[in-house]
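Quick note: numbers below take in every heavy atom, side chains included, and nothing from hydrogens, waters or symmetry partners.
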Amino acid sequence: EGAALARARKRAGIVGPLRMERRYAAFLRMEDKADWAYAELRALLEYSVANGVDPFEIPGSGYGAVGLCQFMPSNLPRYAVDGDGDGIIDLFAPADAVASLSNYLARHGWKKDMSIPEQIKVLRRYNNLAVYANTILALAEKIREIPGRPTVNRPLPQPPTMISEN
């Protein structure tokens, strides 16, 4: 037990309630984690049924994020879209991953010609690390500077479900 509990026991003999409070708080945290994990598993299974994918064949991160854009399963119904029009949302297919991430960013406020601070704010909704947002923007700038890089004469996939949250 910690030094604070040892001092409390020595001074007043009060330890039982503190131990129980600590154990109850730990139990509540475990219960929250279990509820979260169950909700993510359920979302993954719903996604796999809707798209005809074997859930055991879907690679994921240690926390359960899936696809090139690493969406948590509970985000799939809100943001994942069929970018290549084949009727299946496969976040390992670049067209679907790009369209889905574009949808996510648009629904979190991304707009053409935003200022750098506004771009960082939206990117941090996707990944809260400032270093991540700064790296993405720096890479985008480097890609724009590549001489002779092919220009895209069409907009990125904009599925009909891609709307902006206001």
Side-chain angles (χ1 to χ4, degrees), residues 26 28-166:
L28 291 178
R29 282 192 304 275
M30 286 189 320
E31 189 175 38
D32 287 346
K33 286 180 183 179
D35 290 345
W36 170 83
Y38 176 79
E40 293 300 333
L41 176 60
R42 183 181 176 124
L44 181 69
L45 294 174
E46 289 170 352
Y47 163 80
S48 67
V49 168
N51 290 281
V53 179
D54 181 349
F56 292 106
E57 298 298 321
I58 302 171
S61 72
Y63 293 101
V66 297
L68 299 174
C69 45
Q70 289 292 281
F71 280 169
M72 291 305 293
S74 59
N75 282 326
L76 298 175
R78 288 182 290 225
Y79 307 116
V81 293
D82 178 12
D84 57 15
D86 67 357
I88 297 170
I89 298 171
D90 177 2
L91 294 179
F92 291 95
D96 290 358
V98 168
S100 297
L101 189 52
S102 297
N103 184 37
Y104 179 94
L105 293 173
R107 292 184 67 186
H108 285 87
W110 190 275
K111 295 189 180 16
K112 187 177 178 178
D113 300 324
M114 293 173 67
S115 69
I116 297 295
E118 291 170 323
Q119 291 175 7
I120 289 172
K121 183 178 178 183
V122 173
L123 286 171
R124 290 187 74 177
R125 296 285 307 269
Y126 176 72
N127 181 320
N128 195 35
L129 295 175
V131 68
Y132 174 85
N134 292 331
T135 301
I136 293 299
L137 293 176
L139 287 171
E141 185 61 33
K142 290 294 181 194
I143 290 169
R144 282 192 288 274
E145 293 172 359
I146 296 173
R149 104 182 144 84
T151 58
V152 177
N153 293 325
R154 60 181 172 73
L156 288 173
Q158 299 283 323
T161 58
M162 190 178 297
I163 57 171
S164 180
E165 274 182 17
N166 293 338

Trainee: Measure the spacing between CD1 of I136 and CD1 of I120 and express it to the nearest 0.5 Å.
Mentor: 11.5 Å
Trainee: Using a strict 4.0 Å threshold on nitrogen-to-oxygen distance, state whether E118 and K121 make a salt bridge.
Mentor: no
Trainee: Taking all heavy atoms of S48 and all of I58, pick out the closest pair and write down the distance.
Mentor: CB-CD1, 4.2 Å
Trainee: Any idea which heavy atoms bring G83 and A99 closest together, and the distance?
Mentor: CA-CB, 3.6 Å
Trainee: Measure across S100 and A80 and return the closest heavy-atom pair with its distance rounded to 0.1 Å.
Mentor: OG-CA, 3.3 Å
Trainee: Looking at R42, I want to see if its CZ is surrounded by more than 12 non-hydrogen atoms of other residues, nucleotides or ligands under 6.0 Å.
Mentor: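 No, because the 6.0 Å sphere around CZ of R42 holds 12 heavy atoms or fewer from other groups.
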Trainee: If I take atom CD from residue Q70 and atom CG from residue N127, how far apart are they, to the nearest 0.5 angstrom?
Mentor: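 Going from CD on Q70 over to CG on N127, the span is 11.0 Å.
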Trainee: Once you round to the nearest 0.5 Å, how far does CG of N134 lie from CG of L129?
Mentor: 10.5 Å
Trainee: Return yes if some donor-acceptor pair links the side-chain N/O of D82 with the main-chain N/O of G87 below 3.5 Å, else return no.
Mentor: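 Here the side-chain-to-backbone pair exists.
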Trainee: To the nearest 0.5 Å, tell me how far E141 CD sits from I146 CD1.
Mentor: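 That separation rounds to 11.0 Å.
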Trainee: What are the two closest non-hydrogen atoms of D90 and D96, and how far apart are they?
Mentor: N-OD2, 2.8 Å
Trainee: State the CD-CG distance between E40 and D35, to the nearest 0.5 angstrom.
Mentor: 12.0 Å
Trainee: Using only atom types and a distance under 3.5 Å, with no angle test, would you say the side chain of N51 pairs donor to acceptor with the backbone of Y47?
Mentor: yes
Trainee: Side chains of W110 and R125: does their closest heavy-atom pair fall under 4.5 Å?
Mentor: no
Trainee: Determine the interplanar angle of the Y126 and Y132 rings, folded into 0 to 90°, and report it as parallel if under 30°, tilted if 30 to 60°, perpendicular if over 60°.
Mentor: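 It falls in the tilted class, 30° to 60°.
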Trainee: Which pair of heavy atoms, one from V122 and one from M114, lies closest together, and at what distance?
Mentor: CG2-CE, 3.6 Å
Trainee: Please name the pair of heavy atoms, one in L68 and one in A93, separated by the smallest distance, quoted to 0.1 Å.
Mentor: CD1-C, 4.3 Å
Trainee: Do L76 and I89 have side chains that get closer than 4.5 Å, going by heavy atoms?
Mentor: no
Trainee: Does the side chain to side chain contact (heavy atoms under 4.5 Å, CB included) test come out yes or no for W36 and M72, once each step is laid out?
Mentor: CA-CA 11 Å; W36 170 83; M72 291 305 293; 3.5 Å; yes
Trainee: Could you state the interatomic distance from CG (D113) to CD (Q119), rounded to the nearest 0.5 Å?
Mentor: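 These two atoms lie 9.0 Å from each other.
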Trainee: Would you say the side chain of C69 lies within less than 4.5 Å of the side chain of L91, judging by non-hydrogen atoms?
Mentor: yes
Trainee: Hey, are the side chains of L41 and L45 touching, using non-hydrogen atoms and a 4.5 Å cut-off?
Mentor: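 The answer is yes, as the side chains (C-beta and beyond) meet within the 4.5 Å cut-off.
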Trainee: May I ask you to decide if the ring planes of H108 and Y79 are parallel, tilted or perpendicular, using 30° and 60° as cut-offs?
Mentor: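 If you compare the ring of H108 with that of Y79, the planes turn out tilted.
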